[in-house]
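Note that the structure is predicted; figures quoted are calculated from it, not measured. All ligand and atom numbering here is 1-based and tracks the order in the structure.
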Amino acid sequence: MGYPGHLLKLIQSLKKLPGVGHKSAERFAFHLLTWRPSQLEEFAEIIKETPFKLIPCCVCGCLLDHDYCPYCDTNRRSVDLLCILAHPKDVFAIEETREYRGLYHVLGGLLSPIEKKGPEHLNLPKLKERVARLEIKEIVIALDSTLEGDATALYLKHELKLFPLKISRLAFGIPMGSSLDYVDGGTLARAFTARSQY
Ligand SMILES: [Zn+2]
């Protein structure tokens, strides 16, 4: 006898989360069955509401839940330094290292010929506009150390070559083929201080 249909549906839903295999999904599902209805309702509400409560900053692309963007605050951040990232979540990983106080620019993805994601899918026009408008002196490319990350970094280097910039890329300490997601804070901090000219 297999699981009742509703339980199976819950397990299948949980398996859609990254890093959750069948065994973990089963464990989570059975754990949820022990929660009080009020706890389940609160949990469901948070899941349902969160994506609609967050808005990307229209300048840098960082995720916010209010109008003020602390990452674009030129009184608090170094305006001559711009860090380019693929996803909003990468900003939080870098902020945690406390190594970086410059501005951010979120591309919204990486170039991927396999997934047919070309430059038109990335937030590039605003990047060039910001580099031209702000007094950026150095660009830090903080992209995954993967084929897509490398291709995107090369493309950025080419696109920005007309600007008088020092371009560096996070390299040291990040294992090949790994995503920033899986790198611990210490490794990321070291990668920042040892970033190489790109
Ligand atoms: Zn911003």
query: How far apart are the C-alpha atoms of Leu143 and Asp150, what are their side-chain angles, what is the distance that settles it, and do they pass the side chain to side chain contact (heavy atoms under 4.5 Å, CB included) test?
result: CA-CA 8 Å; Leu143 300 177; Asp150 290 349; over 6 Å; no
Could you tell me whether Gln39 atom CD has more than 12 heavy atoms of other residues or ligands within 6.0 Å of it? yes
Q. Does any pair with a residue in residues 45-71 pass ring-ring contact (aromatic ring centres under 6.0 Å, His included), and if so which ones, sequence neighbours excluded?
A.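 Residue pairs with at least one partner in residues 45-71: Tyr71-Tyr104.
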Under 2.8 Å from the Zn ion (ligand 1), the protein N, O or S atoms found are Cys57 SG, Cys60 SG, Cys69 SG, Cys72 SG
Checking side-chain contact (heavy atoms from CB on, under 4.5 Å) between Phe28 and each of Leu10, Ile11, Leu14, which is the one that passes?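 Of Leu10, Ile11, Leu14, side-chain contact (heavy atoms from CB on, under 4.5 Å) with Phe28 is met by Leu14 alone.
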Next item on the list: Would you mind checking if Glu26 and Lys23 are paired as a salt bridge, meaning a charged N to carboxylate O distance below 4.0 Å?
Entry: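 So Lys23 pairs with Glu26 through a salt bridge.
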**Prompt:** How about His6 and Lys9: does a side-chain donor come under 3.5 Å of a side-chain acceptor?
**Reply:**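 Absent: no donor and acceptor within the cut-off.
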